[in-house]
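Questions regarding the structure given below will be posed in turn.
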Number of protein chains: 2
Amino acid sequence: MNNTINEVSKKLRAQEYKLTPQREKILRVMLENKDKHLSADEVYILVKEKSPDVGLATVYRTMELFLDNDIIHSVNFGDGCKRYEYGGEKDGHHHHHAICLECGDIIEIDEDLLEDLEAKVSQDKNFQITNHELKLFGYCKKCAD
Amino acid sequence: MNNTINEVSKKLRAQEYKLTPQREKILRVMLENKDKHLSADEVYILVKEKSPDVGLATVYRTMELFLDNDIIHSVNFGDGCKRYEYGGEKDGHHHHHAICLECGDIIEIDEDLLEDLEAKVSQDKNFQITNHELKLFGYCKKCAD
DNA sequence: CTTATTGCAAAAGTTTTGCACTATA
DNA sequence: TATAGTGCAAAACTTTTGCAATAAG
C-alpha cells in the first residue's frame with residue numbers, strides 16, 4: 001500500500017500537485033475500501049474517524065483532483081450522490097456491476113465480455129471507444145422469487 | 001400521439017391515477033422530445049412555455065408517477081441531475097448510449113447485443129437480470145483524433 | 001362531499017465557492 | 001515570502017415535503 005501511495009505521490013508531483021497529509025489520508029481510505037463505492041460524505045466520515053480536522057470541502061476537492069489525475073473513478077447508482085472507487089479510467093476497462101433491485105446488493109463482475117459489441121459499434125457508428133460502464137439490474141440469489 | 005396519450009391515460013386509470021391536464025402537458029413534452037434526455041428542470045421549462053401555471057414540484061411528482069407506472073425511464077449521465085426519456089423499463093431492454101468525451105454528443109445504439117454476456121452472468125453469479133444500462137465512452141466521428 | 005392533485009414556499013441533501021488562514025517549498 | 005492548499009460558512013443546485021387551496025369524480 002505504501003508503494004501505491006508513493007506512486008500516486010509521484011503521479012501528482014508530475015503535474016505539480018502535492019500529496020498533502022489530508023490528501024494522503026483520503027487516499028488511504030480509498031485504498032482500504034477498494035471493494036466499496038463510497039460517497040464523498042462516507043469518505044469524509046471515514047477520514048474523520050482518524051483525522052477529525054479534515055473538512056468536507058477538502059474531500060470534494062481531493063476527489064476532483066484524484067479524478068482529474070486518473071487515480072480514482074466515479075460511478076453513479078442513481079441514489080442521489082456520486083460514488084467513488086480506487087483506480088483510474090485509463091487503467092483499462094473496469095468491472096461491471098449487477099445491482100439487486102430488492103436488497104440493493106452490488107455484485108462485481110470482473111469479466112469484460114464486451115469486445116464483440118464494441119467492435120460492432122465502433123465500426124457501425126464510427127465511434128472510437130475508450131471506456132464503458134455496464135450495469136445489470138435484477139435479483140440476486142437471495143432475493144430471486 | 002393522441003393515441004399514445006390515450007394509452008397512458010388508460011394505464012394510469014388502471015392504477016387509480018388520473019391523467020390530469022398538468023400530467024398530460026408533461027407527457028406531451030416527453031413525447032415531443034423522445035430523442036432527448038431531459039432533466040426535470042428542462043421539462044419544467046418546456047411545459048412552462050405553453051402552460052406557465054405548472055409548478056416544478058408537479059413536474060417532479062409526475063416524473064415519479066410516470067417512472068412507477070413504467071411510462072418513462074431515467075438515465076444518469078453524472079452531470080448532477082437525473083434525466084428522463086419516454087418509454088418504460090418493461091418495454092424490454094432499451095437502447096444504449098455512446099457518449100463523446102470531447103463534444104458531449106450522445107449517440108443512441110439501438111441494438112442490444114448483450115444476450116451472451118447476460119446469459120453468462122446469470123449462470124455464473126446466479127443473478128436474474130431484468131434490465132441493463134450500458135454507456136460507451138470515447139470519441140465520435142467528428143472528434144476522433 | 002370527499003379525496004387526489006396542485007402550487008408555493010420551505011426544507012433537505014449534495015456539491016461548490018469565497019475568503020481568510022496555514023503550511024510548505 | 002510567494003503560492004498552493006485548507007477549513008469554515010455561505011451559497012448554489014437538485015429534489016422532497018408540508019400545507020392550504022383547488023379540482024374532479
Side-chain angles (χ1 to χ4, degrees), chain A residues 5 8-29 37-69 71-84, chain B residues 8-29 37-69 71-85:
Chain A
I5 292 173
V8 169
S9 175
K10 205 158 70 182
K11 199 179 214 177
L12 287 178
R13 273 201 303 269
Q15 304 300 319
E16 318 234 293
Y17 294 113
K18 301 168 203 163
L19 187 61
T20 64
Q22 288 92 332
R23 289 175 183 170
E24 184 179 322
K25 281 163 195 155
I26 291 167
L27 176 59
R28 281 180 186 277
V29 164
H37 310 91
L38 302 174
S39 67
D41 198 58
E42 287 165 352
V43 172
Y44 174 62
I45 290 166
L46 289 168
V47 170
K48 274 224 145 194
E49 282 175 9
K50 294 183 179 170
S51 320
D53 50 347
V54 172
L56 179 57
T58 298
V59 172
Y60 275 103
R61 284 187 280 230
T62 300
M63 293 332 238
E64 211 48 48
L65 179 79
F66 285 176
L67 282 174
D68 288 350
N69 287 277
I71 293 158
I72 61 174
H73 67 272
S74 70
V75 265
N76 199 316
F77 294 120
D79 63 342
C81 60
K82 266 189 197 156
R83 296 185 167 276
Y84 305 91
Chain B
V8 168
S9 176
K10 206 158 68 180
K11 198 178 215 177
L12 287 178
R13 272 201 304 269
Q15 306 298 320
E16 319 233 294
Y17 294 112
K18 302 168 203 162
L19 187 62
T20 63
Q22 288 93 332
R23 290 174 182 170
E24 184 179 322
K25 281 163 196 156
I26 291 167
L27 176 59
R28 281 180 186 277
V29 164
H37 310 91
L38 302 174
S39 68
D41 198 59
E42 286 165 353
V43 173
Y44 174 62
I45 290 167
L46 289 169
V47 170
K48 273 224 145 196
E49 282 175 9
K50 293 181 179 170
S51 320
D53 50 348
V54 172
L56 179 56
T58 298
V59 173
Y60 275 103
R61 285 187 279 232
T62 301
M63 293 333 238
E64 211 49 49
L65 179 79
F66 285 176
L67 282 175
D68 288 351
N69 287 277
I71 292 158
I72 61 173
H73 68 271
S74 71
V75 265
N76 199 318
F77 293 120
D79 62 343
C81 59
K82 267 189 197 156
R83 296 185 167 278
Y84 306 91
E85 210 174 352

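To find a chain, count down the sequence lines: A is the first, B the second, and so on, and within it residues start at 1.
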Which part of the nucleic acid, if any, lies within contact of B/Asp41, taking any heavy atom under 4.0 Å across all strands shown: a base, the sugar-phosphate backbone alone, or nothing? nothing
Sequence neighbours left out, what passes ring pair (Phe, Tyr, Trp, His ring centres under 6.0 Å) with A/His37? Give chain and number order. A/Phe77, A/His97
Taking side-chain hydrogen bond (donor to acceptor under 3.5 Å, both in side chains) as the definition, give me every residue that meets it alongside B/Ser9, ordered by chain and number, with sequence neighbours left out. B/Arg13
Taking OH from A/Tyr17 and C1' from D/dA4, how many angstroms apart are they, rounded to a whole number?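 Rounded to whole Å, this separation is 10 Å.
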Does A/Lys18 have any side-chain hydrogen bond (donor to acceptor under 3.5 Å, both in side chains) partners at least two apart in sequence or in another chain, and if so, which?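 For A/Lys18 there are no side-chain hydrogen bond (donor to acceptor under 3.5 Å, both in side chains) partners, ignoring immediate neighbours.
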A/Glu42: partners by side-chain hydrogen bond (donor to acceptor under 3.5 Å, both in side chains), with sequence neighbours left out: A/Arg83
Interatomic distance, B/Glu42 CD vs D/dT15 C1' [rounded to whole Å]: 15 Å
Does the pair B/Ser51 and B/Asp53 meet the rule for a side-chain contact (heavy atoms from CB on, under 4.5 Å), with working shown? CA-CA 6 Å; B/Ser51 320; B/Asp53 50 348; 4.0 Å; yes
Can you measure A/Lys82 atom NZ to D/dT14 atom P for me and round it to whole angstrom units?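 Nearest whole value for this atom pair: 13 Å.
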For B/Lys48, which residues count as a side-chain hydrogen bond (donor to acceptor under 3.5 Å, both in side chains) partner, sequence neighbours excluded?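 Applying side-chain hydrogen bond (donor to acceptor under 3.5 Å, both in side chains) to B/Lys48 gives B/Tyr44.
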Position toward the 5' end of DNA chain D (nearest nucleotide), B/Lys18 or B/Gly80: B/Gly80
Distance check, rounded to the nearest 0.5 Å: B/Ile72 atom CD1 versus B/Leu38 atom CG? 10.0 Å
Would a 4.5 Å heavy-atom cut-off, applied to side chains only, mark A/Asp79 and A/Cys81 as touching? yes
Atom CD of B/Glu16 to atom C1' of D/dA24: distance rounded to whole Å?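 Rounding to the nearest Å, CD of B/Glu16 and C1' of D/dA24 are 15 Å apart.
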Along DNA chain C, first and last positions that approach a heavy atom of chain B under 4.0 Å: C/dA4 to C/dC8
Can you tell me how far C1' of D/dG5 sits from CD of A/Gln15, to the nearest Å?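 So the two atoms are 17 Å apart, to the nearest Å.
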What is the minimum heavy-atom distance between B/Gly78 and A/Lys82, and which atoms define it?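 Looking at all heavy atoms of both residues, the closest pair is O-CE, 3.7 Å.
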Strand-adjacent residues in residues 54-65 of chain B, judged by heavy atoms under 4.0 Å from DNA chain C: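 B/Val54, B/Gly55, B/Ala57, B/Thr58, B/Arg61 - these, ordered by number, are the residues of the stretch whose heavy atoms sit under 4.0 Å from the strand.
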Would you be so kind as to tabulate the donor-acceptor pairs closer than 3.5 Å made by side chains of residues 55-69 of chain A, with sequence neighbours excluded?
residue: A/Thr62; atom: OG1; partner: A/Thr58; partner atom: O; Å: 2.7
residue: A/Asn69; atom: ND2; partner: A/Leu65; partner atom: O; Å: 2.8

Could you give all pairs that pass the salt bridge (Lys or Arg N to Asp or Glu O under 4.0 Å) test and reach residues 20-29 of chain A, with sequence neighbours left out? A/Glu24-A/Arg28
The correct set of residues in residues 19-27 of chain A placing a heavy atom under 4.0 Å from DNA chain C is none
